[in-house]
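Bear in mind the structure is a predicted one, so any value in this text is a computation, not a measurement. Lettering follows sequence order; numbering is per chain, from 1.
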There are 2 protein chains.
Amino acid sequence: MNDETAIHLRLGEIGLGNYAPYLMNRIMGRYNAALRAEMAELGLTTPKMRALAVLSVVEGPLIRELSVYTVVEASTLSRALDQLRADGLVRREVDASDSRAVRVFISDAGRATFETLWPHMAAGQARMFRGIPEAERQAFVGTLQKMLANIRRHDI
Amino acid sequence: MNDETAIHLRLGEIGLGNYAPYLMNRIMGRYNAALRAEMAELGLTTPKMRALAVLSVVEGPLIRELSVYTVVEASTLSRALDQLRADGLVRREVDASDSRAVRVFISDAGRATFETLWPHMAAGQARMFRGIPEAERQAFVGTLQKMLANIRRHDI
DNA sequence: TCGGGATATTTGCAAATGCATTTAATTCTG
DNA sequence: CAGAATTAAATGCATTTGCAAATATCCCGA
């Protein structure tokens, strides 16, 4: 079946269980929900957790960039960062060359908090991929990367 | 690399762009955000849209089942259904054999609303998969189905 | 069959979220 | 180079969300 045909199919004809966005939302819903208890214990919400995750890997991004990475609205992210800062997990710093912009840095305490959470995230991922051969996992991630390139609206 | 090794890697060592949950959250975040404008125009939120989508395919599920299908909390779903009912898009019906339980049915108006939204959803999916060969898409969906089987906690 | 525990859904309430607006600073254009 | 248009981030506000508790019903074992 080619693209032109596929786009005219109804959901009922495809079937929920064959519609990729449905499957992905459902899988991520479970992954995120499973993490929520651990996050709550650390005083984190999803936006706060995502910010820490990205900041543990990306050094001092602008808030606007962090918003893209985390897929969190700028206003929501701004408040999440307020809270993270109040807990000493991140630090804001006005950008040297553009004083409208703010860069965000993770602190040692922030890193430690994320290190506590990470094993649960890794376990969640491992559970998702249980019984799926390495080659298939790699192909899957490769397809995800192509998909992200297709839909992202920023060059980040 | 085998499972035992992989689970001990740090996020920084894997890289955000190779961590499947990150990629999936980001892709679905965009897919959902792109749909939000169309949904708002129809007076729908994400839970309401998901409920209509599932109800267009599954006949008269219990609210509890709908909650699993849509990955929406029961309390949130209950209120979403209130609103859908107020707009005449769904109908509640006490289950014949268990008077605690409620079955939900989509109305003709609900179907019509979903039919209006569906082309945008299909377009979003098409955009995600742009340039990805059919065989790769099928393999991808096959992996998603295995993953859902791995993480779901219900037999739905 | 009676009562305790489980289950399905709804509701109260505080917290989180998204949109629109505001503030401040930069860049573009004539 | 002045002023308009754009951009980054923060804030006001109404809505949405999730957890916990309430309500109603069902099921199981003594």
- C:dT17 C1' sits how many Å from A:Lys48 NZ, rounded? 14 Å
- Axis-to-axis angle between the two ends of the helix from C:dT1-D:dA30 to C:dG30-D:dC1 (five base pairs per end, rounded to 10 degrees): 30°
- Listed by chain and number, what are the salt bridge (Lys or Arg N to Asp or Glu O under 4.0 Å) partners of A:Arg79, not counting sequence neighbours? none
- Message: Any base atoms under 4.0 Å from A:Ala74, or only sugar-phosphate, or nothing? Heavy atoms, all strands.
- Response: nothing
- Message: Minimum heavy-atom separation for A:Asn18 and A:Ile14, please, with both atom names.
- Response: ND2-O, 3.1 Å
- Query: Excluding sequence neighbours, so at least two apart, what forms side-chain contact (heavy atoms from CB on, under 4.5 Å) with B:Ala109?
  - Reply: B:Leu89, B:Ser107
- Query: Could you state the CD1-C1' distance from B:Ile63 to C:dT11, rounded to the nearest angstrom?
  - Reply: 13 Å
- Between B:Glu73 and A:Leu62, which is nearer to the 5' end of DNA chain D once each is assigned its nearest nucleotide? A:Leu62
- Message: Holding to side-chain contact (heavy atoms from CB on, under 4.5 Å), I want the full list of residues that pass it with A:Arg92, two or more places apart in sequence or in another chain.
- Response: A:Ile63, A:Ser78, A:Leu81, A:Asp82, A:Arg85, A:Val102
- Rounded to whole angstrom units, what separation is found between the CG atom of A:Asp95 and the P atom of C:dT26? 10 Å
- Can you list the residues that meet the ring pair (Phe, Tyr, Trp, His ring centres under 6.0 Å) rule with B:Tyr19, with sequence neighbours excluded? A:Trp118
Using atom names, set out every protein N or O paired with an N or O of nucleotides 25-27 of chain D below 3.5 Å, distance rounded to 0.1 Å.
{"unit_1": "D:dT25", "atom_1": "O3'", "unit_2": "B:Ser99", "atom_2": "OG", "d": "2.7"}
{"unit_1": "D:dT25", "atom_1": "O2", "unit_2": "B:Arg100", "atom_2": "NH1", "d": "3.3"}
{"unit_1": "D:dC26", "atom_1": "OP1", "unit_2": "B:Ser99", "atom_2": "N", "d": "3.0"}
{"unit_1": "D:dC26", "atom_1": "OP1", "unit_2": "B:Ser99", "atom_2": "OG", "d": "2.9"}

- Query: Which salt bridge (charged side-chain N to carboxylate O under 4.0 Å, His left out) pairs, counting each pair once, include a residue from residues 107-119 of chain A, with sequence neighbours left out?
  - Reply: A:Glu115-B:Arg10
- From CG of B:Leu77 across to C1' of C:dA8 the rounded distance in Å is 12 Å
- Rounding to 0.5 Å, atoms CD (A:Glu65) and CZ (A:Arg103) come to a distance of 6.0 Å
- Message: Suppose we screen for salt bridge (Lys or Arg N to Asp or Glu O under 4.0 Å). Which residues come up paired with B:Glu41, at least two apart in sequence or across chains?
- Response: none
- Query: Expressed in angstrom and rounded to an integer, what is the separation of B:Arg50 atom CZ from D:dT16 atom P?
  - Reply: 16 Å
- Within residues 78-92 of chain A, residues whose heavy atoms come under 4.0 Å of DNA chain D: A:Ser78, A:Arg79, A:Arg92
- To the nearest Å, how far apart are B:Met49 CE and D:dT16 C1'? 15 Å
For residues 46-56 of chain B, please give each side-chain donor-acceptor pair under 3.5 Å, one per line with the distance, not counting sequence neighbours.
{"unit_1": "B:Lys48", "atom_1": "NZ", "unit_2": "B:Gly43", "atom_2": "O", "d": "2.9"}
{"unit_1": "B:Lys48", "atom_1": "NZ", "unit_2": "B:Gln83", "atom_2": "OE1", "d": "2.8"}
{"unit_1": "B:Arg50", "atom_1": "NH1", "unit_2": "B:Thr70", "atom_2": "O", "d": "3.0"}
{"unit_1": "B:Arg50", "atom_1": "NH2", "unit_2": "A:Asn25", "atom_2": "OD1", "d": "3.3"}
{"unit_1": "B:Ser56", "atom_1": "OG", "unit_2": "B:Ala53", "atom_2": "O", "d": "2.7"}

- Task: Could you tell me whether the phosphate oxygens of C:dG18, OP1 or OP2, come under 4.0 Å of any side-chain nitrogen or oxygen in A:Thr76?
- Result: yes
- B:Tyr22: what forms a ring pair (Phe, Tyr, Trp, His ring centres under 6.0 Å) with it, not counting sequence neighbours? none
- Note on the structure: Looking only at heavy atoms, the pair that brings B:Gly110 and B:Ile106 closest together is C-CD1, 3.6 Å
- Item | Test salt bridge (Lys or Arg N to Asp or Glu O under 4.0 Å) applied to A:Glu73 - qualifying residues, sequence neighbours left out | none
- Note on the structure: To the nearest angstrom, the CG-P distance between B:Leu44 and D:dT15 comes to 17 Å
- Message: Given D:dC19, C:dA8, C:dC19, identify the nucleotide with an atom nearest to the side chain of B:Arg64.
- Response: C:dA8
- Separation of C:dA16 atom P from A:Met39 atom CE, nearest Å, is 11 Å
